[in-house]
Amino acid sequence: MTAKRTQMEPKFEHQKVEQTITQKWEKADAFKTVRDPNKKPYTILLPPPNASGKMHTGNVLMIAIEDLLIRWKRMQGYSALWVPGTDHAGFETQVTYERELSKQGKSRLDFDRNTLYDSIWKFVQDNKGLIEEQIKQMGASVDWSRYTFTLDPKALEVVHNTFEKMVNEGLIYRDDYVVNYCPALGTTFADLEVNFVERKDPLYYIKYGPLTVATVRPETKLGDTALAVNPSDPRYQQYIGKEIEFEDVMGKNKLPVIADSYVDMEFGTGILKVTPAHDKNDYEIGIRHNLEIKSVIGLNGRMAENTRKYAGMKVKQAREEIVKDLQNLGLIEKIDYEYVHLVPVSYKGEKEIEPLVLPNWFVKVDSLKKPALDAVLNGDVKIFPKWREITYVRWMEEMRDWPISRQVVWGIRIPAWYNVQENPEITVTFLNKQGKVETGLISDLLKNYSFEEIESGLQNLVAPKNAKFIVSKNKPNGQYLQETDTFDTWFSSGQWPLTTLGYPESEDFKYFYPTDVLETGWEIIRLWVSRMIMFGIYMTGQPPFKNVYLHGMVRALDGRKMSKSLGNIINPDEYMEKYGVDALRMGLISGTANGKDFAFPKDKVIGYRNFTNKIWNMARFMLMMMDKYEEENNSTAIPEYEKLNKNDLTDEDRTMINGLNELIRSVDNSLEIFRFADAADAIYHYMWDELAAKCIESVKVREDKRIALSVLRHIFKECLKLLHPFMPFVTEAVWEKVSEQDNSLLALTSWPKEE
RNA sequence: GGUCGAAUAGCUCAGCUGGUUAGAGCACUGCAUUCACAUUGCAGGGGUCACAGGUUCGAAUCCUGUUUCGACCACCA
């Protein structure tokens with residue numbers, strides 16, 4: 001024992017310790033959670049990071065906070081369960097994979113759907129080890145036996161069942177919809193996933209007979225089905241309700257002039273060309289005025305057949321040609337080359353969005369959103385920090401029907417099946433046996449190809465909005481093709497609490513649902529949090545969690561958002577290597593108190609690295625003093641604090657003990673209301689300013705070393721417990737030295753109580 | 001355009017319902033090293049709490065307005 005004590009190195013070597021402690025926890029299977037009927041459950045589900053991605057600073061903060069809560073509750077005696085998982089990350093992963101493909105000179109269009117899916121599956125399997133390793137490296141006390149991937153069979157099962165229930169209850173419908181389609185990436189994006197970038201484009205003033213219209217997109221004029229003016233615009237009163245005739249690039253043309261208050265009199269000439277098929281606002285005007293929806297741009301980003309001489313051209317090329325033709329016809333009044341406007345792009349990749357009309361799958365949200373809103377308003381779900389609640393409330397109040405279909409392969413395929421005989425209007429694209437792409441109506445293609453050949457080479461299909469379908473997990477008997485669209489990832493991750501806990505039958509679900517805290521970044525409160533609450537209530541009658549804690553975004557050292565283009569991304573690995581996991585976790589946790597965004601607190605990380613070393617040396621010194629005492633006193637051991645006669649304590653001792661009691665109280669109070677930084681700060685200052693600076697210093701000169709050391713050891717051990725959820729490695733490592741019990745794990749000891 | 005938030009020491013941030021000389025970490029200055037830790041100890045400097053009004057016995061804290069930043073949402077073709 002004596003020999004072991006003095007072996008402590010003078011420096012805390014975080015890398016070595018992190019490894020051995022991780023192994024120790026693993027070996028003891030310390031974080032496998034048992035459903036103990038005598039304990040209360042406490043549950044957190046890890047928001048699943050991208051399976052083929054790597055850890056970023058935000059993930060580190062997320063794990064630090066969740067691990068803190070879970071370790072705290074575990075020590076308090078709860079059946080504390082933290083379920084880890086990873087996300088298939090839909091189109092994001094597909095885009096990454098396609099980048100790999102293009103290095104080999106290939107693209108997704110060279111494969112049929114199933115082959116492509118299988119190879120992305122393999123790609124993800126090959127890459128997902130990294131993020132799992134990083135979660136372990138962080139010291140996350142998750143229960144790996146319950147690890148879930150968003151495409152696990154049990155996830156598909158839950159998502160299919162939910163979908164089926166919704167279809168049966170009339171909550172799912174198909175409709176045409178102007179979608180944010182990205183021809184380059186081959187899929188649609190939700191409004192939330194669209195960003196706008198500023199760009200300078202020519203603004204063309206084009207003559208429509210007696211009227212002139214300003215537009216940056218002359219090529220869409222081929223899809224115009226009306227001109228619109230503001231009903232109170234005095235300039236154009238005589239045209240409202242009339243039809244005007246005019247010269248156009250494809251010959252004589254005529255359009256009705258309608259009045260709609262959407263039109264801004266100030267912009268351009270105050271006249272709007274209405275193109276319902278290629279603009280969201282125009283689409284709505286079209287619905288209001290019962291206009292024809294004329295589509296002139298296809299899914300491939302090229303002009304459609306009905307544009308005759310422009311058919312097959314890319315949009316930009318068609319724009320140039322049309323401008324040229326208009327100029328030749330003298331139909332361009334002027335061009336404003338200085339016009340700056342905002343162009344929609346997808347939120348990843350910056351590729352341009354082309355609004356198109358496509359049949360889509362929708363969720364009717366009217367009956368779902370009310371209970372989800374009420375759950376927050378009446379406090380069943382509490383949001384921290386409180387001021388973020390308004391974001392949620394506004395969103396739920398204004399929520400519109402939710403388009404859930406995406407045209408990516410990498411995702412959960414919608415389990416709807418179309419009978420090809422009953423739906424001759426389905427447009428199918430497939431690779432035939434020779435590897436050539438064929439597109440056409442299924443009824444035509446079946447004249448030249450067998451159903452089996454089409455089925456096995458299927459790339460995608462577009463079914464009309466009124467197509468007949470049946471919902472089934474497995475292929476029905478007969479000639480059925482499955483919908484090729486996949487679910488929006490938020491449709492499936494919105495059911496994460498159900499999936500991870502094995503809804504509806506499993507014991508886990510019965511014991512752990514609803515969970516206690518959903519901890520995540522505020523930027524996905526709409527995308528994710530709202531959907532989980534909706535699905536949770538819809539399927540189980542109960543919201544999936546009681547509290548939502550939203551952490552702030554970690555900004556770069558320059559205080560700006562981290563981004564590749566600014567080159568200011570902080571790689572957490574470097575900090576873990578240099579200062580240790582504990583220091584990084586503690587630094588991030590105390591970087592912000594209340595969920596606000598904050599700049600990466602580099603100085604705090606360094607400060608807490610110093611703190612780890614301080615703790616290490618406090619232990620080292622205490623053990624040295626104990627060794628010395630025992631040597632001098634014929635191996636008389638220092639008595640347990642519990643066995644001391646409390647009358648022997650000095651005033652100093654009592655002051656320290658009082659301070660400890662206060663500390664325990666304030667740590668608990670702060671953690672209850674998610675004030676992590678306050679708790680961290682309190683422990684730091686008690687340990688450094690009181691325990692190290694006063695208590696240890698006084699032990700050096702105390703006569704009654706027996707009592708003094710016993711008190712010191714007691715307080716030190718209690719402090720290690722308090723600190724453990726924040727800095728698990730150094731505390732566990734020091735515990736190993738000071739606990740004097742074999743195989744005792746600090747992670748599994750009881751949380752301190754006030755005396 | 002709508003909404004939310006922020007402005008406190010050189011830097012990054014605390015300061016919860018208004019109450020003694022405004023705090024922390026890092027940075028800075030001076031001193032200390034055979035006594036666990038220089039990733040240390042001791043001592044110290046540094047703030048008209050964005051600005052202007054108001055409420056109050058009392059305001060960094062509450063109210064109003066102004067300025068400047070940040071983010072989110074919606075977008076004018």
Side-chain angles (χ1 to χ4, degrees), chain A residues 6 8-14 191-192 194-196 201 203-206 213-218 220-221 224 227-228 262-275 278-282 285 339-344 385-391 393-395 398 522-523 525-526 552-553 555 557-561 578-580 583 586-587 590-625 669-670 673 675 677-678 680-682 684-685 688-689 692-693 696-697 699-701:
Chain A
T6 45
M8 280 180 82
E9 326 231 342
K11 243 183 172 181
F12 174 62
E13 311 219 17
H14 63 263
D191 288 349
L192 282 169
V194 175
N195 289 334
F196 292 84
D201 279 312
L203 181 65
Y204 303 95
Y205 285 74
I206 300 170
V213 174
T215 180
V216 286
R217 302 206 52 189
T220 62
K221 84 191 303 289
D224 290 349
L227 296 180
Y262 167 77
V263 181
D264 180 358
M265 291 189 274
E266 307 294 315
F267 187 86
T269 58
I271 304 174
L272 171 72
K273 62 192 252 333
V274 186
T275 321
H278 300 291
D279 184 286
K280 216 157 246 190
N281 294 309
D282 290 12
I285 295 174
Y339 179 61
V340 175
H341 66 143
L342 296 172
V343 180
K386 175 86 175 160
W387 55 269
R388 290 273 186 213
E389 196 180 287
I390 189 75
T391 317
V393 170
R394 288 276 157 75
W395 167 248
E398 291 163 12
W522 52 262
E523 67 275 14
I525 188 165
R526 293 178 171 86
M553 188 165 57
R555 298 225 196 89
L557 291 171
D558 57 10
R560 297 208 278 174
K561 200 168 164 169
K578 210 163 165 186
Y579 304 110
M586 188 77 160
S590 68
T592 179
N594 47 12
K596 276 189 313 204
D597 294 350
F598 60 106
F600 183 81
K602 186 182 175 189
D603 291 336
K604 287 204 165 103
V605 175
I606 295 171
Y608 285 117
R609 186 274 314 260
N610 297 351
F611 185 46
T612 54
N613 196 54
K614 185 74 184 178
I615 292 163
W616 183 260
N617 274 286
M618 284 162 72
R620 181 164 175 251
F621 186 52
M622 183 181 82
L623 295 176
M624 281 169 79
M625 287 195 291
N669 288 343
S670 298
I673 55 170
R675 301 276 304 192
D678 292 353
D681 209 49
Y684 174 87
H685 281 107
W688 203 311
D689 301 344
I696 291 185
E697 286 308 311
V699 173
K700 288 183 186 171
V701 296

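Since the model is a prediction, treat every value here as computed from it, not as a measurement. All chains are named by letter (A, B, ...) in the order of the sequence lines, taking the proteins before the strands, and each is independently numbered beginning at 1.
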N/O donor-acceptor pair under 3.5 Å between A/W616 side chain and A/E9 backbone: yes
Over all strands shown, is A/R555 touching base, sugar-phosphate only, or nothing at heavy-atom distances under 4.0 angstrom? sugar-phosphate
Specify the separation, in whole Å, of atom CH2 of A/W387 and atom C1' of B/rU17. 19 Å
Provide, to the nearest angstrom, the distance between the CD atom belonging to A/E266 and the P atom belonging to B/rG1. 14 Å
Counting any heavy atom closer than 4.0 Å, what does A/W616 reach on the DNA or RNA strands: base, sugar-phosphate only, or nothing? nothing
With sugar-phosphate meaning primed atoms plus P, OP1 and OP2, does A/A599 contact a base, only sugar-phosphate, or nothing at under 4.0 Å between heavy atoms? sugar-phosphate
Take atom C1' in B/rA22 and the same atom in B/rA60, then report the distance between them in whole Å. 8 Å
For RNA chain B, stems built from three or more consecutive Watson-Crick or G-U wobble pairs below 3.5 Å: B:1-7 with B:67-73, B:10-13 with B:23-26, B:28-32 with B:40-44, B:50-54 with B:62-66
Side chains of A/D201 and A/V343: closer than 4.5 Å at any heavy-atom pair? yes
Return the 5'-most residue of the pair A/D279, A/Y608 with respect to RNA chain B, ranking by each residue's nearest nucleotide. A/Y608
Say you pick atom P in B/rU55 and the same atom in B/rG10; how far apart are they, in whole Å? 32 Å
Which value, in whole Å, describes the distance between the P atoms of nucleotides B/rC62 and B/rA14? 15 Å
Mind checking the C1' distance from B/rG65 to B/rU20? Whole angstroms is fine. 32 Å
Grab the OH-P distance between A/Y579 and B/rC26 for me, whole Å please. 12 Å
Quickly work out the A/D678 CG to B/rC16 P distance and round it to whole Å. 10 Å
Atom-pair distance (CG on A/D603; C1' on B/rA14), nearest Å: 15 Å
Kindly write out the residues that satisfy salt bridge (Lys or Arg N to Asp or Glu O under 4.0 Å) with A/D603, not counting sequence neighbours, or none if the list is empty. none
A/I271 or A/M553: which one's nearest nucleotide on RNA chain B is closer to the 5' end? A/M553
For nucleotides 34-43 of chain B, give me one character per nucleotide, 5' to 3': B if any protein heavy atom sits under 4.0 Å from the base, S if the only such contacts are to the sugar-phosphate, - if neither. --BB-BSS--
Heavy atoms, side chains only, cut-off 4.5 Å: are A/L272 and A/I285 in contact? yes
Any side-chain N or O of A/K596 less than 4.0 Å from the OP1 or OP2 oxygen of B/rA7? no
Could you tell me whether A/V216 contacts a base, only the sugar-phosphate backbone, or nothing, with contacts defined as non-hydrogen atoms closer than 4.0 Å? sugar-phosphate
Considering only the P atoms, how many Å lie between B/rG23 and B/rC31, rounded to the nearest integer? 27 Å
Could you tell me if the side chain of A/N669 sits less than 4.5 Å from the side chain of A/D678, heavy atoms only? no
Rounded distance (nearest 0.5 Å) linking atom CZ of A/R675 with atom CG of A/D681: 11.0 Å
Go through B/rC75, B/rG25, B/rC13 for me and flag the one nearest to the A/F598 side chain. B/rC13
Using a heavy-atom cut-off of under 4.0 Å over every strand shown, decide if A/I606 touches base, sugar-phosphate, or nothing. nothing
Could you tell me how far apart A/Y684 (OH) and B/rC26 (P) are, to the nearest whole angstrom? 5 Å
A/N617 side chain to A/N613 backbone, donor-acceptor under 3.5 Å: yes
Separation between NZ of A/K602 and CG of A/L557, rounded to the nearest 0.5 Å: 6.5 Å
Under 4.0 Å between any heavy atoms, over every strand shown, what does A/R388 touch: base, sugar-phosphate, or nothing? Just pick one. nothing
Euclidean distance for C1', B/rG46 against B/rA52 (whole angstrom): 27 Å
Which nucleotide wins on minimum distance to the side chain of A/L342, given the candidates B/rA6, B/rC75, B/rC72? B/rC75
Does atom NZ of A/K280 have more than 12 heavy-atom neighbours from other groups under 6.0 Å away? yes
Quick one: CD1 on A/I606 to NZ on A/K604, what's the gap to the nearest 0.5 Å? 12.5 Å
What is the ring orientation for A/F12 with A/H14, classed by angle as parallel under 30°, tilted 30 to 60°, or perpendicular over 60°? tilted
For A/D597, report the nucleic acid contact type (base, sugar-phosphate, nothing); a contact means any heavy atom under 4.0 Å. nothing
Of the listed nucleotides (B/rG15, B/rC13, B/rA71), which one gets closest to any side-chain atom of A/R675? B/rG15
Rounded to whole Å, CG of A/D689 lies from P of B/rA24 at a distance of 9 Å
Please give, in whole Å, the distance from B/rC4 P to A/W395 CH2? 18 Å
